[in-house]
Amino acid sequence: MILPSRRLVIVVRADPVICGHSGEARNLAEVALTRGYDDVRLLTWPIPALQAAGLPLKPLDRLLPYSPGITVERPEAVGDYRVPDGRHIAGLTGRLVELLAERVPTTCLSMYLVPHTTVVNDAVAAARAAGYAPDVRTVAKAVGSDVTNVIKSCLRDGRFGAATVLFTTFLASDEVVAVSEYTRDEIVLSAEQVDAHCGTRFADECRRRVTVSYPPIDASAYLDPDPAAVDAALARRGLERGGYILFLSRVARAKGIYDLVIAYGQMRCRDSVRLIVAGTGPALEHVRAMSKEDDRITFLTDVDDREKPLLMAGCAAYVLPTKPEPDFVETFGIALAEKMLAGGGPIVTTLTGGTGEAVGDTAVLTEPGDIAALAETVDRVVLDMPEAEKRDLARRARDRAMLFDRGVVFDSLFPSAAPAAAVG
């Protein structure tokens, strides 16, 4: 058997999960093929397990293919049915041990500390204990909900033992990164609280070691969409350019969808632009029910990755009025950066969490949770903003979003072009 010369393994919730980090994994994997890695693997969950978890999923028949050289592995559960989560984790960990046993210089990136970084740590420890001497470097990326959901819930509930496990799991990796400056700051703040209660010293290590790696976006998929393709996509949906406000995101309270639907009922512009809600999520059915009497609101639950930039490019405004909730805070805003690349009408959003790092000064801002202000802001953008100002916002937004192109992000996250073995 001919072994590869260099391998990248990403442990993540991959497609078909509707999640910004599944897109991150895809983009990093594609760039890796151009940076000297000849074997790239996404280690993820069986599709029936994802379906059983109730996660929002893309249509399975419309998933974009990966390039040759990228392998998506979905190890089956190990053992009987009595401990379902443990069985699947055992499958992931065991498969990674098998890959490390091949002694190919390997970089392992995990997104989500629990359970994916745990899987990597356990697999590396097992491979070393077995005498395989793996040539491996581990990178743990704290995505937003690692902090805003998991660690924060531990602190709220006084579960400091669980918080201690999370920090030791994270800091056991060779490199530790956060998805935004906001997330990094929240990591340090949370570590300070754990230290104060437990006498640990996590905060100093987090300040010293945690760096920032923004979400990588395939800019080429969004820049300069074919006008004919935009028009055709809109025609299929019964839409026309500039004839709709677009909400394209996970349909959840923290994304501000309730505020937007209520505000839309108060907008002066509703007579000239429809509201398109594109996406799925836990609030979808409730929002649909509360909107059933408004024939100006349309819900699209089957938008795939090809159609997304086309809908963005044709909208009169893209509105994401995200706001902080106990279980979620927007730690960057991948959809915002994608929209900045696609063009179309201005972005209306809020300064929540890390959204300011995404949009800079290229969006029109409103206060989180202020429904009246949201309605007024969208009206101003759609009805009163001069075209020259819209063009200026679009140009500056596009320039800023290029900072998040997947090639730029990859080279910052994995700066060495030399094989991992040469580092040792």
[X] [atom1] to [Y] [atom2] distance, which is reported to the nearest 0.5 Å:
| X | Y | atom1 | atom2 | answer |
| --- | --- | --- | --- | --- |
| M111 | E24 | CE | CD | 5.0 Å |
| L336 | F404 | CG | CZ | 10.0 Å |
| S22 | L42 | OG | CG | 10.0 Å |
| T377 | E367 | OG1 | CD | 9.5 Å |
| Y37 | R6 | OH | CZ | 4.0 Å |
| I18 | T301 | CD1 | OG1 | 9.0 Å |

If I compare all heavy atoms of [X] with all of [Y], which pair ends up nearest, and what's the gap?
| X | Y | result |
| --- | --- | --- |
| Y214 | S180 | CE2-CA, 3.9 Å |
| R128 | P134 | CG-CD, 3.7 Å |
| P368 | P324 | CB-CD, 4.3 Å |
| V329 | G353 | CG1-CA, 3.8 Å |
| T183 | V143 | CG2-O, 4.4 Å |
| P68 | L33 | O-CD1, 3.5 Å |

Between the main-chain N or O of [Y] and the side-chain N or O of [X], is there a donor-acceptor pair closer than 3.5 Å?
| X | Y | answer |
| --- | --- | --- |
| D146 | L113 | yes |
| S412 | V409 | no |
| T352 | T322 | yes |
| H116 | S110 | no |
| D157 | R159 | no |
| T118 | V114 | no |
| E357 | Y182 | yes |
| S190 | I187 | no |
| S173 | T138 | no |
| T93 | A123 | no |

Is the shortest side-chain heavy-atom distance between [X] and [Y] below 4.5 Å?
| X | Y | answer |
| --- | --- | --- |
| I347 | L320 | no |
| V17 | L57 | yes |
| L166 | T169 | no |
| L374 | V319 | yes |
| F328 | R253 | no |
| T106 | D135 | no |
| T107 | V9 | no |
| L100 | V124 | yes |

Under 3.5 Å, which donor-acceptor pairs link side chains of residues 259-267 to any protein atom two or more places apart or in another chain?
residue	atom	partner	partner atom	Å
D259	OD1	K323	NZ	3.3
D259	OD2	K323	NZ	3.1
Y264	OH	V273	O	2.7

Output yes when [X] and [Y] qualify as a salt bridge under the 4.0 Å nitrogen-oxygen rule, no when they do not.
| X | Y | answer |
| --- | --- | --- |
| R398 | D224 | yes |
| D294 | K292 | no |
| D231 | R241 | yes |
| R406 | E30 | no |

Can you run down the salt bridge (Lys or Arg N to Asp or Glu O under 4.0 Å) pairs that involve [range], sequence neighbours left out, and say none if there aren't any?
| range | answer |
| --- | --- |
| residues 164-183 | R137-E175 |
| residues 100-122 | R7-E102 |
| residues 12-21 | D15-R26, D15-K58 |
| residues 328-339 | K255-E330, K308-E338 |

Passing candidate, side chain to side chain contact (heavy atoms under 4.5 Å, CB included) with R41, options V72, T71, I10, I70: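 When V72, T71, I10, I70 are each tested with R41, the side chain to side chain contact (heavy atoms under 4.5 Å, CB included) holds only for T71.
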Chi angles and distances behind the side-chain contact (heavy atoms from CB on, under 4.5 Å) call for M402, L223: CA-CA 10 Å; M402 288 303 296; L223 289 173; 3.8 Å; yes
Aromatic plane relationship, F167 with F202 - under 30° parallel, 30 to 60° tilted, over 60° perpendicular: parallel
Aromatic contact, Y318 with F247 (centres under 6.0 Å): no
Around [X], counting heavy atoms of other residues, nucleotides and ligands shown, do more than 12 lie under 6.0 Å from its [atom1]?
| X | atom1 | value |
| --- | --- | --- |
| Y66 | OH | yes |
| R62 | CZ | yes |
| R207 | CZ | yes |

side-chain contact (heavy atoms from CB on, under 4.5 Å) between I276 and L239, worked out: CA-CA 10 Å; I276 303 299; L239 302 173; 3.7 Å; yes
side-chain contact (heavy atoms from CB on, under 4.5 Å) between L171 and C206, worked out: CA-CA 8 Å; L171 295 169; C206 288; 4.2 Å; yes
Pair R236-E307, salt bridge (charged side-chain N to carboxylate O under 4.0 Å, His left out): steps then yes or no: CA-CA 11 Å; R236 286 194 298 271; E307 187 180 18; 5.3 Å; no
Residues in ring pair (Phe, Tyr, Trp, His ring centres under 6.0 Å) contact with Y222, at least two apart in sequence or another chain: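 Once residues adjacent in sequence are excluded, Y222 has no partner under the ring pair (Phe, Tyr, Trp, His ring centres under 6.0 Å) criterion.
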Evaluation steps, salt bridge (charged side-chain N to carboxylate O under 4.0 Å, His left out), between E186 and K152: CA-CA 9 Å; E186 289 296 302; K152 291 288 189 182; 2.7 Å; yes
Quiz item: cation-pi between R274 and Y244, 6.0 Å / 45°: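 No, R274 and Y244 do not form such a contact.
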Test log, rule side-chain contact (heavy atoms from CB on, under 4.5 Å), inputs T280 and R250: CA-CA 6 Å; T280 63; R250 188 164 57 93; over 6 Å; no
